[in-house]
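Throughout, a chain's letter reflects where its sequence line sits, starting with A, and its residues are numbered from 1.
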Amino acid sequence: MEVTYVKAINQALFEEMRRDDNVFVMGEDVAELGGAFKVTDGLLEAFGPDRVIDTPIAESLIVGAGVGAALLGMRPVLEMQFADFISCAFDQIVNMAATLRYRHGGQAACPLVVRAPSGAGVHGALFHSQNPEAWFTRVPGLKVVAPATAYDAKGLLKSAIRDDDPVVYFEHKRLYRSVKEDVPDGDFLTPIGVAEVKHEGRDLSVITYGGALHYSLDAARIAEKEDGLSVEVVDLRTLLPLDRETIVASARKTGKILVVHEDRLTGGIGGEVSAVIAEQAFEYLDGPIMRLAMADTHNPFSPPLEEFVLPDATKILQAIRQLAAY
Amino acid sequence: MEAARKPEALAGFDVLSQGDPDLEYYYWMKLVRAFEERVSRLHRQNKILGGVYSGAGQEAIVAGICAPLKPDDVVFPLHRDLGVFLLRGADPGRLMAQLMGKERGFSRGKDSFLHAGDVEHGVYGSTSMLGSSLPVAVGAALKFQLKREPRIAVAFFGEGTSSRGDVHEAMNFAGVRKLPVLFVCENNRYAYSTPIEKQMAIENVADRAQAYGFRGHVCPGNDLLAVLQLSRAVVSRIRAGEGPALIECKTYRYHGHSEHDPALYRSKEELVAWESRDPIQTYEFYLQKKGYDLAAAREQIDQKVHAIVQQAVDFAEQSPYPAPEEALTDLYATPIVRNPLGGTPVTVVRREEQEGGGNVRKGD
Ligand SMILES: Cc1ncc(C[n+]2csc(CCOP(=O)(O)OP(=O)(O)O)c2C)c(N)n1
Ligand SMILES: [Mg+2]
């Protein structure tokens, strides 16, 4: 059935809550309102106020209390109203949740999901546009996922909920209603830690994830049509742990790599991807590893500024051409 | 006697030239309301993009709190406090340009809505992270204390925001150091869709002040005279070195949380009940009782206010958008020169090009 990205997330929540009554949802305005983006719409009616809990504005509490409940056997799915506000829960995620298993010598588990609506291109400005994934991708003990399709939005959330460790789940706001595709009914999982080749190609690989995937696919299509280039597009899907195998295989196959993300350039996951390729596919490369990412600045508000700093299909195409010509 | 009642911070504006403070308060509330309603309309017309959080219904609070402030006091408004900008003397045209992301706005298009502040008028913008401006206001007050300056800092926040840890940390330290800071809670009964009963187990945010070692006051936030009377007394005590205070104003927001929110989670009756306690109307009753010709005053002020708002809109619409490269400025005091920085693709460098012609980049 055709479902939107936002509906796919909603379905995953419904199905997992039905499957396991230890799963519950907590966050700001998630119950009666159904969340600021309607992601949790209908859950209150279906599962009642003990499993769909509105909290005060208190992100540190939302995650901290989630940790406590997870420790005692529950599987909380915690919503940050915007990913930007995850900074207010940073300590609970990176120091509390992520270290729990380790510092208990494996005695304790923290199976929770923090859902974080992220991403720019929606006139959100500095604090409603961020892609803060790289703050978390260097924290052992965490898993970080960022689905780009409705299928993976559902499959990855289900996997995240069933995972025995804390998962930060970045869902892209711009995709909520703009992405609509066939998603099979019922239960399926997208494995965490496995990237997917979304589009096979021979000449060049674009490695990307999240909001930038769709721009990359568009650019690849144009490059194929107009330039006769065969462009492979790899969707990372999981950012921690990285699927090095798929990355390296694609690099060895095409020999030219463009890494694209909407997160900022410096310190973004693209740097890690590039390093992996440099280490494990150096001899296969036919050109420098290129990165295209958001400029190293804050997410500006005014439309011409925002367009200027963000990657889009045109800029990706330009980079593809440049790399292909190398 | 009239002069003594004149609000100090407003003295410079003297908009009606009669120097009548009664009418001046009326004017300010009307201006804030008219500006806010115009902003909402512009948002519906897609001329203001991004989130718009209307403060309609809460005008008496910004007017009553800002009135006794002095020009060198500093204010930290939150998302619903557009009125603070106007009360402090911000240029309405620049404020409108800010909301539209135009070059003449305070942040020259960088940030939206009220995040930029207007430093010239002692208004500092916040982030969206609710409550994070309270510790900052406390820090400003710390400076005033350390340097023995007779200034105060004012931090506005919603009752919903009071649930954040930052608020606790700020108030605790303010109490410990007896800092010259005024915390103003605008309790409009909702945080987005969440009613107050789901946010706190007590009736008043102000009751918490005692636990931090300072006074908390509750006041009817739609009654300008009540807010004013309280804020005058409290501000002068803070200025005299008696330490922080918390004023909680009970009020209601007329619009949804933001302009895209139809606010279906609250009842029509509730809204109507609060509309019957409208701050502007309440104040009009007072003017009438005092013997003013209300119809005449209203007409005169409406005219003035609408002219100001229209001018602001014209100014903002005529302002160009900033150049795209504006996005890369104001990051540091001294710009960091490095390559590459920008929204353009990273360029690749060939050795022969580099060795031959210096730092020639492919694609340049
Ligand atoms: C830390 C943080 N969490 C969540 C939000 C999203 N948010 C913006 S305004 C708001 C409600 C604020 O309620 P309140 O403090 O009562 O102010 P009001 O909007 O009622 O004026 C929420 C939840 C935010 N901006 N910052
Ligand atoms: Mg409120």
Side-chain angles (χ1 to χ4, degrees), chain A residues 28-29 31-34 36 53-61 81-82 84-85 87-88 122-128 258-260 265-266 287-312 315-316 318-323 325-326, chain B residues 49-51 98 100-103 105 107-113 115 127-132 158 160-166 191-195 198-200 257-258 261 264-265 321-331 336 338 340-350 362-363:
Chain A
E28 293 153 17
D29 307 290
E32 188 178 337
L33 188 71
I53 301 173
D54 271 340
T55 66
I57 301 170
E59 285 74 11
S60 188
L61 164 105
Q81 200 157 79
F82 282 80
D84 311 63
F85 310 144
S87 58
C88 300
V122 291
H123 309 302
L126 268 76
F127 308 112
H128 292 78
L258 171 66
V259 190
V260 182
L265 181 74
T266 300
I289 303 165
M290 278 181 82
R291 289 177 297 158
L292 175 60
M294 183 179 133
D296 286 327
T297 186
H298 302 290
N299 285 98
F301 169 55
S302 193
L305 275 56
E306 191 178 27
E307 282 160 30
F308 179 67
V309 305
L310 292 175
D312 59 24
K315 291 176 193 170
I316 297 170
Q318 201 184 330
I320 287 174
R321 286 177 173 155
Q322 198 189 349
L323 187 56
Y326 186 91
Chain B
L49 303 168
Q98 164 70 17
M100 290 187 186
K102 296 297 190 74
E103 189 180 27
S107 70
R108 294 189 304 284
K110 290 195 179 69
D111 206 353
S112 62
F113 216 55
H115 292 155
T127 66
S128 290
M129 289 66 189
L130 294 167
S132 59
T161 299
S162 77
S163 301
R164 285 247 13 253
D166 277 15
Y192 202 159
S193 76
T194 307
K198 280 177 150 184
Q199 303 177 46
M200 47 195 267
H257 164 64
S258 65
D261 169 29
L264 302 174
Y265 42 81
Y321 277 113
E325 294 77 13
E326 181 72 41
L328 306 178
T329 65
D330 291 329
L331 285 165
I336 291 177
R338 62 169 173 202
L341 183 80
T344 50
V346 177
T347 43
V348 292
V349 185
R350 273 182 186 277
K362 205 175 147 121

K.L.:
Non-hydrogen atoms of chain A under 4.5 Å away: do they reach the side chain of B:H115, the backbone, both or neither?
P.N.:
side chain

K.L.:
Below 4.5 Å from any heavy atom of chain A, which atoms of B:L130 appear? Answer side chain, backbone, both or neither.
P.N.:
side chain

K.L.:
How many angstroms lie between atom OG1 of A:T55 and atom CD of B:Q199, to the nearest 0.5 angstrom?
P.N.:
9.5 Å

K.L.:
Given that the side chain runs from C-beta out, which part of A:E306 has a heavy atom under 4.5 Å from chain B: side chain, backbone, both or neither?
P.N.:
neither

K.L.:
Given heavy-atom pairs under 4.5 angstrom as the criterion, report whether the side chain, backbone, both or neither of B:M100 touches chain A.
P.N.:
backbone

K.L.:
Can you check side chain to side chain contact (heavy atoms under 4.5 Å, CB included) on B:L328 and A:F308, steps first, answer last?
P.N.:
CA-CA 10 Å; B:L328 306 178; A:F308 179 67; 3.7 Å; yes

K.L.:
Supply the atom-to-atom distance B:Y321 OH to A:E307 CD, rounded to the nearest 0.5 angstrom.
P.N.:
10.0 Å

K.L.:
So does A:A58 get a backbone contact from the side chain of B:S163, meaning a donor-acceptor N/O pair under 3.5 Å?
P.N.:
no

K.L.:
Side-chain contact, heavy-atom cut-off 4.5 Å: A:P303 with B:L49?
P.N.:
yes

K.L.:
Measure distances from B:E103 to the heavy atoms of chain A and classify the residue's part below 4.5 Å as side chain, backbone, both or neither.
P.N.:
neither

K.L.:
State, to 0.1 Å, how close A:L305 and B:P322 come at their nearest heavy-atom pair, and which atoms those are.
P.N.:
CD1-CG, 3.6 Å

K.L.:
Any heavy-atom pair between the side chains of A:P56 and B:K198 that's under 4.5 Å?
P.N.:
no

K.L.:
Drop me the distance from A:L126's CG to B:S128's OG, to the nearest 0.5 angstrom.
P.N.:
8.5 Å

K.L.:
Could you state the interatomic distance from CD1 (A:I57) to OH (B:Y192), rounded to the nearest 0.5 Å?
P.N.:
11.5 Å

K.L.:
Determine whether B:M129 and A:E59 make a side-chain contact, defined as any pair of heavy atoms from C-beta on separated by less than 4.5 Å.
P.N.:
no

K.L.:
So do the side chains of A:T297 and B:L331 get within less than 4.5 Å of each other, counting heavy atoms only?
P.N.:
yes

K.L.:
Hey, could you give me the CG/NE2 distance between B:D111 and A:H298, rounded to the nearest 0.5 Å?
P.N.:
10.0 Å

K.L.:
To the nearest 0.5 Å, tell me how far A:N299 CG sits from B:K110 NZ.
P.N.:
14.0 Å

K.L.:
Please identify, among B:S112, B:G105, B:S107, the residue contributing the most non-hydrogen atom pairs under 4.5 Å to chain A.
P.N.:
B:S112

K.L.:
At a heavy-atom distance under 4.5 Å, which candidate from B:R108, B:E325, B:H257, B:K102 has the highest pair count against chain A?
P.N.:
B:E325

